[in-house]
Amino acid sequence: PNTFMALGNAAKYMQPGQGTRQKFVFHTRPNVGKLDMRNYLKAIYDVDVVKINSINVQGRYKRKGPGGRLVYKKKDYKRFIVTTTHYVPPPSSAVSEAAPEPVSTE
């Protein structure tokens with residue numbers, strides 16, 4: 001597969017009590033479809049995909065130059081939210097900081 005895919009931030013798509021499923025976010029060109037994405041992940045990373053959601057995102061308009069007179073547009077892209085059965089645990093340092101050891105009251 002010869003397409004560019006950037007890994008995005010999936011933190012806002014995670015929900016508590018999700019079990020062993022893991023969500024990943026990819027940013028691609030707008031012409032990539034769900035089946036292309038599923039085949040790409042199977043071929044490159046060998047993961048089983050449970051569900052794929054896609055969102056077409058229009059590029060933002062930006063201003064620059066003196067007085068903001070020069071207006072340009074960022075590229076459009078498609079965002080894929082991929083749910084897999086592959087579980088990636090958080091780093092051990094993040095686990096120890098997030099959940100301190102319980103203190104016994106005996």
Side-chain angles (χ1 to χ4, degrees):
N2 58 354
T3 185
F4 175 75
M5 294 192 187
L7 188 62
N9 186 6
K12 68 179 181 180
Y13 300 106
M14 298 298 291
Q15 296 175 357
Q18 211 171 321
T20 59
R21 293 183 180 171
Q22 183 73 22
K23 289 191 179 184
F24 298 96
V25 175
F26 292 94
H27 295 175
T28 66
R29 293 188 319 241
N31 62 350
V32 176
K34 289 183 180 182
L35 191 57
D36 298 331
M37 188 66 171
R38 184 181 299 267
N39 293 338
Y40 177 84
L41 293 174
K42 186 65 175 171
I44 301 297
Y45 299 110
D46 194 31
V47 295
D48 295 325
V49 176
V50 176
K51 182 176 161 183
I52 296 180
N53 295 333
S54 63
I55 303 166
N56 286 315
V57 180
Q58 290 187 348
R60 295 182 179 178
Y61 286 96
K62 302 293 250 180
R63 293 179 173 269
K64 72 175 186 177
R69 288 181 291 201
L70 179 62
V71 178
Y72 66 98
K73 184 178 183 252
K74 297 261 187 166
K75 290 184 178 180
D76 298 340
Y77 62 95
K78 186 179 273 191
R79 179 183 298 146
F80 284 100
I81 304 159
V82 180
T83 306
T84 67
T85 56
H86 180 72
Y87 178 71
V88 178
S92 60
S93 62
V95 172
S96 63
E97 292 173 6
E101 293 290 325
V103 178
S104 68
T105 57
E106 295 178 15

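Atom CZ in F80 sits 4.5 Å away from atom OG1 in T28 (nearest 0.5 Å). Once rounded to the nearest 0.5 Å, the distance linking CD1 of I81 with CD1 of I55 reads 4.0 Å. The OH atom of Y77 sits 5.0 Å away from the NE2 atom of H27 when rounded to the nearest 0.5 Å. Here the OG1 atom belonging to T83 is positioned 6.5 Å from the CG atom belonging to N53, to the nearest 0.5 angstrom. With rounding to the nearest 0.5 angstrom, the NZ atom of K51 is 13.0 Å from the OG1 atom of T84.
The backbone N or O of V49 sits less than 3.5 Å from a side-chain atom of R38, completing a donor-acceptor pair. Panel note: side chain N56, backbone K78; no donor-acceptor pair is recorded below 3.5 Å.
Few gaps surround NZ on K42; more than 12 heavy atoms of other groups in view lie less than 6.0 Å from it. For K73, the NZ atom sits in a packed shell: over 12 heavy atoms of surrounding residues, nucleotides or ligands are nearer than 6.0 Å.
Side-chain contacts under 4.5 Å among hydrophobic residues (ILVMFWY), followed directly or transitively, place Y72 with no other residue at all.
Checked for salt-bridge contact, R29 and D76 miss the test: no charged N lies under 4.0 Å from a carboxylate O.
No side-chain donor from either of R63 and Y61 sits under 3.5 Å from a side-chain acceptor of the other.
Here the side chains of L41 and F26 are in contact, with some heavy-atom distance below 4.5 Å.
Hydrophobic clustering places F24 together with I44 (ILVMFWY residues linked when any side-chain heavy atoms are closer than 4.5 Å, directly or through intermediates).
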